[in-house]
Amino acid sequence: MSPTITAFERSPDRGRGLARDMPVRWAFEEVGRPYDVRLVSFSEMKASAHRALNPFGQIPTYQEGDLSLFESGAIVLHLAQHYSGLLPSDANARARAITWMFAAVSTMEPPIVDLGTAVIIERNESWYEQRLPMVKDRIRHRLRELSAHLGEADWLDGTFSAGDLLMVSVLRRLHASGLLKEYQNLSAYVARGEARPAFRRAFAAQLAVFTAAPTG
Ligand code: GTB
């Protein structure tokens, strides 16, 4: 039986592939493994049955036999460790690719999530306009450093890896802000990731969920 992941029944991103089932779907496609998706509503996510899979009441989750996982990065790592295509076989290169996975979710992602939170939740606060430039500058700081590392290379450390998959997934969240465009090599890096056939299949699958959902 194929593993089952959970995703939003109706994603607030309106099919832009920004919810965190997207990197998991992408990883399945990169390693060429089938998967099932169980769509959940917001109320289902907060119910005890779902919290047994993810104590934080969030998507995505992953179930295969008696194994259940949450955290998109951990799920991608699990797939990368079990199937070929997302981690190099050389032990040191593999460790470096895993380092980039952590860099994506623990160094790059926090200021990017902070911007999303500011725009959605803090927009009506009196201090919003004053704080926003600081939030954006913290992202620019990291983008500048990442851009310097990437240089003219296609991927972060040699061949495409799960590190790139997570990094591109995190950086995609900046499309709407315009910040990514300030760094030409990072824009091209994200475009390279988005052009991968596996990415496109995963994107189409999550978009199909949104377009099939009843409007209203
Ligand atoms: N660290 C966890 C992981 O990587 O798996 C974070 C999981 C997470 O944030 N899940 C979100 C969730 O379940 C969905 S992806 N939220 C419901 C809740 O917490 O109640 C985050 C997300 C949501 C919406 C957009 N969007 O609209 O653009 C983008 C990303």
Side-chain angles (χ1 to χ4, degrees), residues 3-30 35 37-64 67-81 86 98-123 132 135-136 139 142 162-180 190 193-194 199 202-211 213 215-216:
T4 300
I5 65 165
T6 50
F8 281 132
E9 184 176 73
R10 189 168 180 80
S11 179
D13 76 353
R14 306 179 62 79
R16 286 179 296 152
L18 298 177
R20 287 187 177 82
D21 55 300
M22 180 62 203
V24 173
R25 290 173 183 271
W26 186 6
F28 270 112
E29 295 291 349
E30 289 286 351
Y35 63 101
V37 182
R38 186 163 56 81
L39 301 176
V40 288
S41 64
F42 271 95
S43 58
E44 283 168 332
M45 271 190 289
K46 304 304 168 191
S48 56
H50 188 82
R51 284 193 194 273
L53 302 175
N54 180 337
F56 305 110
Q58 296 186 315
I59 59 99
T61 58
Y62 171 102
Q63 284 174 281
E64 184 176 26
L67 174 67
S68 56
L69 299 173
F70 60 97
E71 284 297 329
S72 54
I75 300 169
V76 171
L77 179 58
H78 176 74
L79 294 174
Q81 283 175 324
L86 281 172
I98 294 171
T99 299
W100 280 113
M101 295 178 73
F102 279 86
V105 299
S106 73
T107 300
M108 293 304 295
E109 187 169 34
I112 293 173
V113 168
D114 194 25
L115 176 62
T117 308
V119 171
I120 295 167
I121 295 175
E122 299 170 353
R123 179 172 282 284
L132 197 60
V135 173
K136 288 186 172 175
I139 297 174
R142 290 293 181 224
D164 296 294
L165 186 153
L166 288 184
M167 190 64 83
V168 168
S169 300
V170 165
L171 296 179
R172 289 188 68 244
R173 298 180 74 163
L174 289 173
H175 277 319
S177 72
L179 289 172
L180 201 55
V190 170
E194 292 174 335
F199 176 94
F203 187 88
Q206 62 78 41
L207 180 60
V209 173
F210 179 76
T211 46
T215 49

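Side-chain atoms are counted along with the backbone in the values below, which use heavy atoms only and exclude waters and symmetry mates. Computed from a prediction, not measured in an experiment: that's the story for all the values here. Read the numbers this way: they start at 1 and go in the same order the structure lists the ligands and their atoms.
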Does [X] reach the main-chain N or O of [Y] with its side chain, forming a donor-acceptor pair under 3.5 Å?
| X | Y | answer |
| --- | --- | --- |
| Arg172 | Val168 | no |
| Gln206 | Phe203 | yes |
| Ser11 | Phe8 | no |
| Glu9 | Phe42 | no |
| Asn54 | Phe70 | no |

| With a 4.0 Å cut-off on heavy atoms, is Phe8 touching ligand 1? | yes
Considering non-hydrogen atoms of the protein only, which is the closest contact for [atom], and what is the distance?
| atom | answer |
| --- | --- |
| atom 17 (C) of ligand 1 | Phe42 CE2, 3.9 Å |
| atom 24 (C) of ligand 1 | Pro12 CG, 3.9 Å |
| atom 29 (C) of ligand 1 | Leu18 O, 3.6 Å |
| atom 9 (O) of ligand 1 | Arg20 NH1, 2.8 Å |

Show me which atoms of ligand 1 lie under 4.0 Å from any heavy atom of [X].
| X | answer |
| --- | --- |
| Met45 | 13 (O) |
| Ser72 | 3 (C), 4 (O), 5 (O) |
| Asp13 | 26 (N), 27 (O), 28 (O) |
| Pro60 | 5 (O) |

| Counting heavy atoms not belonging to Arg14, are there more than 12 under 6.0 Å from its CZ? | no
| request: Taking the side chain as every heavy atom from C-beta outward, state whether Leu179 and Leu115 have any pair of such atoms under 4.5 Å apart. | output: yes
| Heteroatom proximity flag, Gln58 to ligand 1, N/O under 3.5 Å | yes
| task | Closest by any non-hydrogen atom to atom 18 (C) of ligand 1: pick that one out of Glu71, Lys46, Arg173. | result | Lys46
| request: From the options Leu69, Ile59, Leu166, select the one whose nearest heavy atom is closest to atom 10 (N) of ligand 1. | output: Ile59
| NE2/His50 to CD/Glu44 distance, rounded to the nearest 0.5 angstrom? | 9.5 Å
